[in-house]
Amino acid sequence: MPSIGPPNGVGGTIDRVKIATYNINSIRNRLPRLLEWLEAAQPDAVCLQELRIYDEEFPKDEIESAGYGAIWRGQKPRYNGVAILARDTQPVEIRRELPGDRGDVQARYLEAAVNGILIGCLYAPNGNPQPGPKFDYKLAWLARLAKHAKSLRDSDVPVVLAGDYNVVPTSADIYSTTSYDDDALVQPESREALAVLIEQGWTDAIRALHPRETIYTFWDYMRKRWERNAGLRIDHLLLNGPLRKRLVAAEVDRDVRGRPGASDHAPVWIEIED
DNA sequence: ATGGCATTTAAAAAATGA
């Protein structure tokens, strides 16, 4: 089994692989920040969401110069958009859309193999306002994801489904507030849709290694929610059994959210060992 | 119930996001 990333030095060091997910909220505005973070964090694979570009606008050359191969899917107009980056290699694309709705033109799913790991990169619909057609679309999309996930779970290959699920799993995953009571992100139907997925046999990587810690991945730009640490945990990495066995770390790069001109999300990552 | 903020679209105010 080949390892990805740089050599590990001498003397029986175990290969570690780092996989991250990051809702970047416009790759055009955020490219310098992204490149800084790639350089500092050195992830082996990255799932990006909310590129907010046309297909032909992806900054392929800059990403390549940073040492990453990439596949991506943009959209016209510039909403949504997802990409998978892989250090020192080219992701092998498996699919560009979530099965189950041929009429769905939104760029919200990409799937690729990177050095023996199957990576699903997803950007679930926000679903606001609820109730309404956008919330219906969100629930239908998550149901399609669950159906597809079931087929992936049953493979012997290590699989990670990483991205912005736009679901706060429990009340422990949001600051103390009533502001989000009517929000699609915390509704019982949204939480149930995520729970269905987990119950299939997927592991929420952050919660597996930090069962009781307060951990957020998103802080709204408004009302000084970053400064107040009024956050939500909505970006998740779900692991199937073969990958769960190899999980050794799961963290949020919180500092990235505090930088000037940052996305409202922070990167989330896992490390796995052979 | 509204607005607070960032971004895109499009040329002022509206849509989208979470």
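Numbered from 1 within each chain, the chains take letters A, B, ... in sequence-line order.
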Can you tell me if the side-chain N/O atoms of [X] get under 4.0 Å from OP1 or OP2 in [N]?
X: Ser26(A); N: dT8(B); value: yes
X: Lys224(A); N: dC5(B); value: no
X: Arg30(A); N: dT7(B); value: yes

Quote, to the nearest angstrom, the [atom1] distance that separates [N] from [M].
N: dA12(B); M: dT2(B); atom1: P; answer: 26 Å
N: dA6(B); M: dA1(B); atom1: C1'; answer: 23 Å
N: dG17(B); M: dA11(B); atom1: C1'; answer: 22 Å
N: dA10(B); M: dC5(B); atom1: P; answer: 25 Å
N: dG3(B); M: dT9(B); atom1: P; answer: 25 Å

Selection from dT8(B), dT16(B), dC5(B) that lies nearest to any side-chain heavy atom of Asn29(A):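 Nearest to the side chain of Asn29(A) among the choices is dT8(B).
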Options dG4(B), dG17(B), dT7(B), nucleotide nearest the side-chain atoms of Arg225(A):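 When the side chain of Arg225(A) is considered, dG4(B) is the closest of dG4(B), dG17(B), dT7(B).
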Counting the atoms with a prime plus P, OP1 and OP2 as sugar-phosphate, which does [X] contact under 4.0 Å by heavy atoms, base, sugar-phosphate, or nothing?
X: Asn23(A); value: sugar-phosphate
X: Asp164(A); value: sugar-phosphate
X: Arg108(A); value: sugar-phosphate
X: Tyr180(A); value: nothing
X: Tyr123(A); value: sugar-phosphate

Euclidean distance, atom [atom1] of residue [X] to atom [atom2] of [N] [Å, nearest integer]:
X: Arg228(A); N: dC5(B); atom1: CZ; atom2: P; value: 12 Å
X: Arg52(A); N: dA6(B); atom1: CZ; atom2: C1'; value: 8 Å
X: Tyr221(A); N: dA6(B); atom1: OH; atom2: P; value: 7 Å
X: Asn80(A); N: dA15(B); atom1: CG; atom2: C1'; value: 13 Å
X: Asp220(A); N: dT7(B); atom1: CG; atom2: C1'; value: 13 Å
X: Phe135(A); N: dT16(B); atom1: CZ; atom2: P; value: 18 Å
X: Lys138(A); N: dG17(B); atom1: NZ; atom2: C1'; value: 11 Å
X: Leu232(A); N: dC5(B); atom1: CG; atom2: P; value: 18 Å

Closest-nucleotide ordering on DNA chain B, the 5'-leading residue of Met222(A) and Asp264(A):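 The residue closer to the strand's 5' end, by nearest nucleotide, is Met222(A).
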Along DNA chain B (nearest heavy atom to each residue), the more 5'-positioned of Ile234(A) and Leu51(A):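 Looking at the nearest nucleotide for each, Leu51(A) comes out on the 5' side.
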Contacts of Ala195(A) that satisfy side chain to side chain contact (heavy atoms under 4.5 Å, CB included) - sequence neighbours left out: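 Ala195(A) satisfies side chain to side chain contact (heavy atoms under 4.5 Å, CB included) with Glu192(A), Glu199(A) once adjacent residues are dropped.
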Qualifying residues under side chain to side chain contact (heavy atoms under 4.5 Å, CB included), relative to Val92(A), sequence neighbours excluded: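 In terms of side chain to side chain contact (heavy atoms under 4.5 Å, CB included), with neighbours along the sequence ignored, Val92(A) is linked to Ala113(A).
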Side-chain ion pair, Arg78(A) and Glu57(A), N-O less than 4.0 Å: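 Between Glu57(A) and Arg78(A) there is a salt bridge, with a charged N closer than 4.0 Å to a carboxylate O.
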Arg246(A)/Asp274(A) ion pair, N-O < 4.0 Å: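 Salt bridge: yes.
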Residues forming a salt bridge (charged side-chain N to carboxylate O under 4.0 Å, His left out) with Asp204(A), sequence neighbours excluded: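 Once residues adjacent in sequence are excluded, the partners of Asp204(A) under the salt bridge (charged side-chain N to carboxylate O under 4.0 Å, His left out) criterion are Arg233(A).
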Close approaches to DNA chain B from residues 253-260 of chain A, in residue order (heavy atom, under 4.0 Å):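 Heavy-atom cutoff 4.0 Å gives no residues at all.
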Contacts of type ring-ring contact (aromatic ring centres under 6.0 Å, His included), residue [X], not counting sequence neighbours:
X: Tyr109(A); value: His148(A)
X: Tyr165(A); value: His236(A)
X: Trp37(A); value: Tyr22(A)

Between Trp269(A) and Asp253(A), a side-chain donor and acceptor under 3.5 Å: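 Checked: Trp269(A)/Asp253(A) side chains pair up, N/O donor to acceptor below 3.5 Å.
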Which protein N or O atoms sit under 3.5 Å from an N or O of nucleotides 9-12 of chain B?
from	atom 1	to	atom 2	distance (Å)
dT9(B)	OP1	Arg78(A)	N	3.1
dT9(B)	OP1	Arg78(A)	NH1	3.2
dT9(B)	OP2	Arg78(A)	NH1	2.2

Qualifying ring pair (Phe, Tyr, Trp, His ring centres under 6.0 Å) pairs, either residue in residues 45-71 of chain A, two or more places apart: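 Passing the test, one end in residues 45-71 of chain A: Phe58(A)-Trp72(A).
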Joint cluster assignment, Val82(A) & Val114(A), ILVMFWY side-chain distance < 4.5 Å: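 Both belong to a single hydrophobic cluster.
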